[in-house]
Asks: 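Pasting a structure below so you can have a look.
Only heavy atoms go into these numbers, but all of them, side chains included; no hydrogens, no water, no symmetry mates. Numbering of ligands and ligand atoms starts at 1, following listing order.
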Amino acid sequence: MASRLRLIILGAPGSGKGTISSRIVRDFKLKHVSSGDILRANVDKGTPTGFQVKSLIASGQYVPDELMTRIVLPEVAGSSGWLLDGYPRTLQQCKAMEERNINLDKVINLNVPFSVIINRLKYRWIHPGSGRVYNLEFNPPKKLYVDDLTGENLIQRPDDREEVVLKRLKEYEKQTKPIIDYFASKSLLATYTGETSDYLWPLIRDDLEVDVKKQAALAPAHLQEVNTEPVTHTGQQFAVDDPRRVRFVGMSKLVNKNIAMKLVHEDPIVVAEQRVVCSSSAGPLGHPKIYINIDSNEVHTCGYSGRRFIRKKFYDEAKHGKSITYNQYLDELRKQEQKFITSKVNN
Ligand code: G5P
Ligand code: MG
């Protein structure tokens, strides 16, 4: 099932993030971004970053926040559906995501007892090229110490030595536990408690299936109002059910500049010149269905293209109707969504 979910998976070292992630990306066709795999690939290739982080990882310490943010977040930019595994791990990393307006649909928190974890990591072997994870007891490779897909040798991670595992668990307690509260306060957290990945996986999968259905149900409600145009003149392509197309659709006016700017940054849309003309909804300037124009004091939207918009001296209230506040717009949007969901449920 292809989806556009934006997910984080959290959990202590060895809780099964990698194992569950591989099932999620297989079934929901998301991009898997594992901070640990990125770091290990740098170490293996001998890059300057790899050199910098090698001893930290081997001793179970966290890598500095700025470095993590610099190497991980570009991986999700431009992707519409992704799963972040191992990042963020500190409140500073959460803030870095917030500052970049990276939106999330859900944070999956794996809650597995430490006693179970310590035992597991002893038997973990990985394929360094892909990050594929095996466990000699739980999911052994077909041939001992050999990757099923490539036939290459498996290795043990240097940080899986027992004393390092204990250090990693302590680091997790200290630095990562607080971000669980942070995500809970944003109503994004879904915690799954259990001792095996096979027990947790169906629970997670069922919940994600519901999320995908909700996402799909919401998108067409707005798309009905959009003239479907999957390929823009610059070749950018937006699937018909791509929720990015629907932002601002149905909104005729908008008067809160800060919120509009935030939304413009949030969505992967083309911002021609900030504070002059920003395009939204369906593609780059020249093709969008709704334009947002930000002059010195106000934000307006209208259906003109950029140049015509400017020529028309921004926004003509007599012609385009009275402006509404952003909150009024949101209320209206929620009503439309609710109406759409109710009609779906009744059918
Ligand atoms: P990583 O690579 O992100 P950790 O410590 O967060 O490492 P790890 O060890 O990769 O997490 P996991 O992904 O949660 O664990 O677990 P897994 O690999 O799927 O499963 C563990 C083992 O148990 C496997 O052998 C698997 O087959 C087996 N298993 C799974 N389920 C079951 C089950 O049900 N039963 C049994 N018996 N076995 C099972 O980060 C590494 C280091 O990089 C740095 C840090 O130094 C970190 O320590 N780093 C960062 N530093 C700062 N900020 C960040 N954002 C950082 N990201 C990485
Ligand atoms: Mg992992």
Asks: Quick one: look at E171 and ligand 1, take heavy-atom pairs under 4.0 Å, and tell me if it's side chain, backbone, both or neither.
Replies: neither

Asks: Could a heavy atom of G16 be found less than 4.0 Å from some atom of ligand 1?
Replies: yes

Asks: Taking side-chain hydrogen bond (donor to acceptor under 3.5 Å, both in side chains) as the definition, give me every residue that meets it alongside R89, ordered by chain and number, with sequence neighbours left out.
Replies: none

Asks: May I ask you to list the atoms of ligand 1 that are less than 4.0 angstrom from any heavy atom of A12?
Replies: 14 (O)

Asks: Only heavy atoms of N139, strictly under 4.0 Å: list the atoms of ligand 1 that pass.
Replies: 27 (O)

Asks: Show the atoms of ligand 1 that are less than 4.0 angstrom away from any heavy atom in G86.
Replies: 54 (C), 55 (N), 56 (C), 57 (N)

Asks: Answer with yes or no whether the side chains of Y87 and E75 bring together a donor and an acceptor at under 3.5 Å.
Replies: no

Asks: Which residue and atom name correspond to the protein heavy atom nearest atom 25 (O) of ligand 1, and how close is it?
Replies: Y134 O, 2.8 Å

Asks: Taking only heavy atoms of G14 into account, list the atoms of ligand 1 that are under 4.0 Å away from them.
Replies: 8 (P), 9 (O), 11 (O), 12 (P), 14 (O), 15 (O), 16 (O), 21 (C)

Asks: Under a 4.0 Å heavy-atom limit, does T90 contact ligand 1 with its side chain, its backbone, both, or neither?
Replies: neither

Asks: Looking at ligand 1, is there an atom of it that comes within less than 4.0 Å of some heavy atom belonging to R40?
Replies: yes

Asks: Inspect the surroundings of NZ in K174 and state if more than 12 heavy atoms from other residues, nucleotides or ligands are less than 6.0 Å away.
Replies: no

Asks: Can you sort out which atoms of ligand 1 are near S197, meaning under 4.0 Å from one of its heavy atoms?
Replies: 30 (C), 31 (N), 32 (C), 33 (C), 34 (O)

Asks: Apply salt bridge (Lys or Arg N to Asp or Glu O under 4.0 Å) to residues D211 and R6 and explain how you reach the verdict.
Replies: CA-CA 11 Å; D211 293 337; R6 295 155 302 180; over 6 Å; no

Asks: Any donor and acceptor pair, going by atom type alone, linking the side chain of N119 with main-chain N or O of S115 inside 3.5 Å?
Replies: no

Asks: Taking 4.0 angstrom as the limit and counting only heavy atoms of Q93, give me the atoms of ligand 1 inside it, by number and element.
Replies: 52 (C), 53 (N), 54 (C), 55 (N)

Asks: Hey, is ligand 1 close enough to S35 that some N/O pair sits below 3.5 Å?
Replies: yes

Asks: Can you list the ligand 1 atoms lying under 4.0 Å from a non-hydrogen atom of Q61?
Replies: 45 (C), 46 (O)

Asks: Can you pull out the closest protein heavy atom to atom 41 (C) of ligand 1? Residue, atom name and distance to 0.1 Å, please.
Replies: R157 NH2, 3.6 Å

Asks: For ligand 1, is any non-hydrogen atom under 4.0 Å from R168's backbone (N, CA, C, O), its side chain (CB onward), both, or neither?
Replies: side chain

Asks: Nearest to atom 30 (C) of ligand 1, what protein heavy atom do you find, and at what distance?
Replies: T19 OG1, 3.4 Å

Asks: Looking at R205 and D27, is any side-chain nitrogen of the basic one under 4.0 Å from a carboxylate oxygen of the acidic one?
Replies: no

Asks: For atom 28 (C) of ligand 1, find the nearest protein heavy atom and state the residue, atom name and distance (0.1 Å precision).
Replies: N135 ND2, 3.5 Å

Asks: Checking a contact table here: which protein heavy atom is nearest atom 44 (C) of ligand 1, and how many Å away?
Replies: L39 CD1, 3.5 Å

Asks: Under 4.5 Å between side-chain heavy atoms, counting indirect links through other Ile/Leu/Val/Met/Phe/Trp/Tyr residues: same cluster for I126 and Y134 or not?
Replies: no

Asks: Evaluating non-hydrogen atoms only, which member of Y62, W125, F138 is closest to atom 29 (N) of ligand 1?
Replies: F138

Asks: Which option wins on minimum heavy-atom distance to atom 47 (C) of ligand 1: K122, R120, R124, R89?
Replies: R89

Asks: Can you tell me how far CG of L136 sits from OH of Y145, rounded to the nearest 0.5 angstrom?
Replies: 5.5 Å

Asks: Distance check, rounded to the nearest 0.5 Å: L10 atom CG versus I179 atom CD1?
Replies: 4.5 Å

Asks: Shared ILVMFWY cluster between I20 and L5, side chains joined below 4.5 angstrom?
Replies: yes

Asks: With a 6.0 Å cut-off (strictly less than), is the heavy-atom count around NZ of K54, excluding the residue itself, greater than 12?
Replies: no

Asks: To check your reading of the model: name the closest protein heavy atom to atom 24 (C) of ligand 1, its residue, and the distance in Å.
Replies: V133 CG1, 3.3 Å

Asks: Between V63 and V53, which heavy-atom pair has the shortest distance, and what is it?
Replies: CG1-CG1, 3.7 Å

Asks: Is it true that S15 lies under 4.0 Å from ligand 1, counting heavy atoms only?
Replies: yes

Asks: Distance check, rounded to the nearest 0.5 Å: D85 atom CG versus S22 atom OG?
Replies: 9.5 Å

Asks: Once you measure the plane-to-plane angle for F28 and W201, does it fall in the parallel (<30°), tilted (30-60°) or perpendicular (>60°) bin?
Replies: perpendicular

Asks: Strictly under 4.0 Å, does any heavy atom of P88 approach an atom of ligand 1?
Replies: no

Asks: Hey, what do you get for NZ (K143) to CG (D148), rounding to the nearest 0.5 Å?
Replies: 11.5 Å

Asks: To check your reading of the model: name the closest protein heavy atom to atom 13 (O) of ligand 1, its residue, and the distance in Å.
Replies: G18 N, 2.9 Å

Asks: Could you identify the single nearest non-hydrogen protein atom to atom 51 (N) of ligand 1 and state the distance to 0.1 Å?
Replies: V63 N, 3.0 Å

